[in-house]
Amino acid sequence: MKLATWNVNSLKVRLPQVLDWLRAHPVDALCLQELKLADDQFPLQAFADIGYHAQWAGQKTYNGVAVISREPGADPQRNLPGFEDHQQRIIATTLPGPSGPLRVISAYCPNGQAVGSDKYAYKLKWYAALHTWLADELQRYPRLAILGDYNIAPADEDVHDPAKWAGQVLVSEPEREAFEALTALGLSDAFRQFEQPPKSYTWWDYRQFSFRRNAGLRIDHVLLSPALSPHCVACEIDKQTRGNEQPSDHAPVIATLE
DNA sequence: ATGTCCCTACGCTAGGGA
């Protein structure tokens, strides 16, 4: 079984690339972030035409998340319970699996803009609410995978130039602690379960020829519950999409489970 | 050194967000 995540930075613009990608990589579930479209604009039929179902939480202009899946999802849930927020950053759904139901969550975690800003404070509050909810959700669904854009590079090896980035948003210590709090729940960073090529990243700024220079960060992650992580046999970044014409600034990450 | 891409709006250019 394959699970993937991709921040597409506008599904309207990227839909042809997403459909092409799914045809070439027929994963069981693809989590999308930054749809940037309202619920009634979601291109459900385009996914149905290539044999996929979808659950989504849309919003005009910003944010928006979806789970595209081979099997129909059940019990969809939007947002973090108890966290007042109009920003659509979470969609969770349950997929059938041979070893029991699989809870799949697509997450678009806040960017935080700059350390010390209002958006940074919101990011840390949001992460605290995510932690509380996941502790609960793990009790309900032992087989749980949360995939998405975390907007956190967990370690210096996930940063192309750690000295330049030191202390900045996406790598600051409070953010890394928020990420580590998730792994302390038992969630495993699937990518780091395996030997990986050095300088592996999932996001490259559109500016400064960042992709050409491989000046990136690893901020898109697949986290697996203790019941799932032993079954993970591979986790890869599909860098190729970043070289597309009119690319997203993020590349997909794919985890393979047996 | 604020570079690019995507979105929206009292729209054809500027500003927010990433």
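None of the values given here were measured: they were computed from a predicted structure. Letters A, B, ... mirror the listed sequences (proteins, then strands); counts begin at 1.
Between A:Q87 and A:L35, the one whose closest nucleotide on DNA chain B sits nearer the 5' end is A:L35. Along DNA chain B, the nucleotide nearest to A:W203 and the one nearest to A:Q208 differ in position, and the one closer to the 5' end is contacted by A:Q208.
Counting non-hydrogen atoms of other residues, nucleotides and ligands closer than 6.0 Å to CD of A:Q168 gives a total above 12.
In this structure, A:Q113 does not reach the B:dG16 phosphate: none of its side-chain N or O atoms is under 4.0 Å from OP1 or OP2. For B:dC5, the OP1/OP2 oxygens have no side-chain nitrogen or oxygen of A:R14 closer than 4.0 Å. The side chain of A:K119 contributes an N or O atom lying less than 4.0 Å from OP1 or OP2 of B:dG17.
The same atom, P, is picked in B:dC10 and in B:dG16; the two are 14 Å apart, to the nearest Å. Separation of the C1' atoms belonging to B:dC12 and B:dA18 is 24 Å when rounded to the nearest angstrom. Rounded to a whole angstrom, the distance from the C1' atom of B:dC7 to that of B:dA1 is 26 Å. The same atom, P, is picked in B:dG15 and in B:dG3; the two are 13 Å apart, to the nearest Å.
As rounded to whole Å, 8 Å separates atom C1' of B:dG17 from atom CG of A:N111. Look at CD on A:E34: it is 18 Å from P on B:dG16, rounded to the nearest Å. Going from atom CZ of A:R89 over to atom P of B:dA18 covers 7 Å, rounded to whole Å. Taking atom CG of residue A:L37 and atom C1' of nucleotide B:dT8, one finds them 14 Å apart after rounding to whole Å. To the nearest angstrom, C1' of B:dA18 lies 14 Å from CD of A:Q168. The distance between atom OH of A:Y122 and atom C1' of B:dA18, rounded to the nearest whole Å, is 14 Å. Rounded to whole angstrom, the span from the CZ atom of A:R207 across to the P atom of B:dG3 amounts to 7 Å. Atom-to-atom, CG of A:N7 to C1' of B:dC5 comes out at 12 Å; the value is rounded to the nearest Å.
Side chain of A:R242 to main chain of A:F211: no donor-acceptor pair is present (N/O by atom type, distance under 3.5 Å, no hydrogens or angles). No donor-acceptor pair under 3.5 Å is formed between the side chain of A:D149 and the backbone N or O of A:Y108. Checked by atom type and distance alone, the side chain of A:Q196 pairs as donor or acceptor with a backbone atom of A:C235 at under 3.5 Å. A:D49 places no side-chain N or O within donor-acceptor distance of the main-chain N or O of A:A46, the cut-off being under 3.5 Å.
Between A:N7 and A:T202, every side-chain heavy-atom pair lies at or beyond the 4.5 Å cut-off.
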Going by atom type alone, with no hydrogens or angles, which donor-acceptor pairs under 3.5 Å involve a side-chain atom of residues 95-102 of chain A and a protein atom two or more places apart or on another chain?
none

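Using a cutoff of 4.0 Å between basic side-chain nitrogens and carboxylate oxygens, A:E137 and A:R140 are scored as salt-bridged.
Residues from residues 55-68 of chain A that place a heavy atom under 4.0 Å from any atom of DNA chain B, listed by number: A:K60, A:T61, A:Y62.
Residue A:Y108 is in sugar-phosphate contact alone, with no base atom involved, counting any heavy-atom pair closer than 4.0 Å across all strands shown.
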